[in-house]
Amino acid sequence: MTPDELVREHTIYSCVMGSRAFGLATEGSDTDVRGVYLAPTPLFWRFDKPPAHVEGPAPEQFSWELERFCELALRNNPNVLECLHSPVVEYADDLGRELVALRGAFLSRQAHRTFVRYAGGQRRKLDADVRQYGHPRWKHAMHLLRLLGSCRDLLRTGELSIGVGEDRDRLLAVKRGEVPWPEVESWMNRLQEEADQAHDTSPLPLAPDHARVEDFLTRARRASALREL
């Protein structure tokens with residue numbers, strides 16, 4: 001079975017991500033599709049295992065195998081967690097709907113470390129661009145601000161919301177380069193500080209619910225094996 005066939009025939013969940021999910025889409029925005037597929041269990045009994053992720057087959061499409069997706073979500077990977085909270089769901093079968101219903105089990109205060117670590121890497125790239133070119137890549141600056149705001153709100157409320165709401169116009173102004181870099185830096189620093197402050201009093205648990213997620217994955221693998229035999 002080819003990687004493209006895995007995605008076409010065994011996807012359990014797919015959604016639109018990127019600007020169209022965040023509420024930041026403009027006329028020229030791409031449609032980024034992210035999905036989760038369940039590779040048939042018998043494929044894991046071979047030496048040549050199925051891929052943990054697949055790019056394509058459509059443009060701007062990327063999918064994870066269910067186990068890999070769960071592993072990343074348990075680590076509170078920002079990109080993966082956001083997939084489960086997309087307001088634009090393209091497809092979900094029974095298993096996909098159960099995965100979405102499970103999304104709270106993945107969330108924990110570990111999100112502070114993973115979101116902030118990812119944001120730190122992006123910030124260093126922006127600072128390097130400013131040193132080299134005199135300005136950052138404004139689209140990347142916009143998305144970093146969105147990510148930091150999402151992290152702060154997650155820690156404060158215990159719920160992940162990826163829509164930017166009332167910040168849309170200001171964020172799009174950043175994308176267009178209309179906001180001076182020092183002002184953008186100040187905004188980033190404030191969001192970072194607010195996320196740090198929210199960590200200790202967050203309603204989120206200290207760690208995700210590994211047992212609940214593992215039970216879900218085991219049942220999915222077992223059901224797949226029975227279908228294929």
Side-chain angles (χ1 to χ4, degrees), residues 6-7 10-18 21-22 32-41 44 49-54 62-119 146-164 195-227:
L6 283 172
V7 173
H10 296 281
T11 289
I12 64 170
Y13 174 77
S14 67
C15 66
V16 173
M17 284 304 300
F22 303 143
D32 300 317
V33 177
R34 299 292 179 264
V36 181
Y37 60 91
L38 175 63
T41 300
F44 291 92
K49 308 298 183 187
H53 63 262
V54 175
F62 187 96
S63 300
W64 294 269
E65 206 282 324
L66 178 60
E67 183 173 344
R68 179 57 174 165
F69 185 87
C70 289
E71 288 174 346
L72 292 171
L74 284 168
R75 297 176 193 169
N76 278 222
N77 177 286
N79 293 323
V80 169
L81 288 182
E82 288 177 342
C83 285
L84 289 177
H85 294 77
S86 173
V88 190
V89 176
E90 287 197 326
Y91 173 78
D93 62 10
D94 289 343
L95 199 61
R97 287 187 287 272
E98 187 174 355
L99 176 63
V100 172
L102 191 66
R103 62 190 183 185
F106 295 105
L107 298 176
S108 74
R109 294 191 198 184
Q110 293 176 10
H112 176 263
R113 183 178 68 252
T114 54
F115 275 62
V116 168
R117 184 173 59 198
Y118 180 82
R146 182 206 62 79
L147 180 72
L148 287 168
S150 180
C151 176
R152 176 202 60 189
D153 294 343
L154 168 60
L155 291 166
R156 283 177 172 177
T157 67
E159 298 182 0
L160 181 59
S161 176
I162 66 175
V164 298
D196 293 343
Q197 293 167 1
H199 174 264
D200 291 340
T201 57
S202 176
L204 289 171
L206 292 176
D209 193 338
H210 281 260
R212 189 176 165 202
V213 174
E214 187 170 55
D215 174 71
F216 166 71
L217 179 61
T218 301
R219 288 187 288 105
R221 288 274 189 254
R222 184 179 296 118
S224 172
L226 292 174
R227 283 196 303 270

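We count residues from 1, following the sequence as given.
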message = I need the full list of ring pair (Phe, Tyr, Trp, His ring centres under 6.0 Å) pairs touching residues 73-113, with sequence neighbours left out, sorted by first then second residue.
response =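 Non-adjacent pairs meeting ring pair (Phe, Tyr, Trp, His ring centres under 6.0 Å): His112-His199.
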task = Quick one: do Asn77 and Thr114 satisfy side chain to side chain contact (heavy atoms under 4.5 Å, CB included)? Show the steps, please.
result = CA-CA 6 Å; Asn77 177 286; Thr114 54; over 6 Å; no
Taking all heavy atoms of [X] and all of [Y], pick out the closest pair and write down the distance.
| X | Y | result |
| --- | --- | --- |
| Gly96 | Tyr13 | CA-CB, 4.2 Å |
| Glu65 | Ala39 | OE2-N, 3.0 Å |
| Tyr37 | Leu6 | CB-O, 3.8 Å |
| Ala220 | Leu38 | O-CD2, 3.9 Å |
| Val33 | Ser14 | CG1-CB, 4.5 Å |
| Ser86 | Ala21 | OG-CB, 4.0 Å |

Atom [atom1] of [X] and atom [atom2] of [Y]: how far apart are they, to the nearest 0.5 Å?
| X | Y | atom1 | atom2 | result |
| --- | --- | --- | --- | --- |
| Leu99 | Phe216 | CG | CZ | 4.5 Å |
| Cys151 | Tyr118 | SG | OH | 13.0 Å |
| Asp32 | Met17 | CG | CE | 8.5 Å |
| Phe69 | Leu81 | CZ | CG | 7.5 Å |

inquiry  = Which residues pass the side chain to side chain contact (heavy atoms under 4.5 Å, CB included) test with Thr218, not counting sequence neighbours?
reply    =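 Side chain to side chain contact (heavy atoms under 4.5 Å, CB included) list for Thr218, sorted by chain: Glu214, Arg222.
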In residues 153-163, what donor-acceptor pairs under 3.5 Å come from side-chain atoms, sequence neighbours left out?
residue	atom	partner	partner atom	Å
Thr157	OG1	Asp153	O	2.8
Thr157	OG1	Glu159	N	3.1
Thr157	OG1	Glu159	O	3.1

key: By ring-ring contact (aromatic ring centres under 6.0 Å, His included) - contacts of Phe62 (at least two apart)   =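 Partners of Phe62 by the ring-ring contact (aromatic ring centres under 6.0 Å, His included) criterion, ordered by chain and then number, come out as His53, Trp64.
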message = Tell me which pairs pass salt bridge (charged side-chain N to carboxylate O under 4.0 Å, His left out) where either residue lies in residues 75-91, with sequence neighbours left out.
response =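 Residue pairs passing salt bridge (charged side-chain N to carboxylate O under 4.0 Å, His left out), neighbours aside: Glu82-Arg146.
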key: Qualifying salt bridge (charged side-chain N to carboxylate O under 4.0 Å, His left out) pairs with a residue from residues 195-213, counting only residues at least two apart or across chains   =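 Not a single pair qualifies under salt bridge (charged side-chain N to carboxylate O under 4.0 Å, His left out).
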ask   = Any sub-3.5 Å donor-acceptor pair from Thr11's side-chain atoms to Val7's backbone N or O?
value =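 A pair under 3.5 Å: yes.
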Arg221 side chain to Thr41 backbone, donor-acceptor under 3.5 Å =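 No: the side chain of Arg221 does not pair with the backbone of Thr41.
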query = Which of these passes side chain to side chain contact (heavy atoms under 4.5 Å, CB included) with Val36: Leu95, Leu66, Val80?
reply =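 Answer after filtering Leu95, Leu66, Val80: Leu66.
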query = Under a 4.5 Å cut-off applied to non-hydrogen side-chain atoms, are Cys70 and Glu67 in contact?
reply =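 SC-SC contact between Cys70 and Glu67 ruled out.
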key: Test side chain to side chain contact (heavy atoms under 4.5 Å, CB included) applied to Val100 and Val89, step by step   = CA-CA 10 Å; Val100 172; Val89 176; 5.8 Å; no
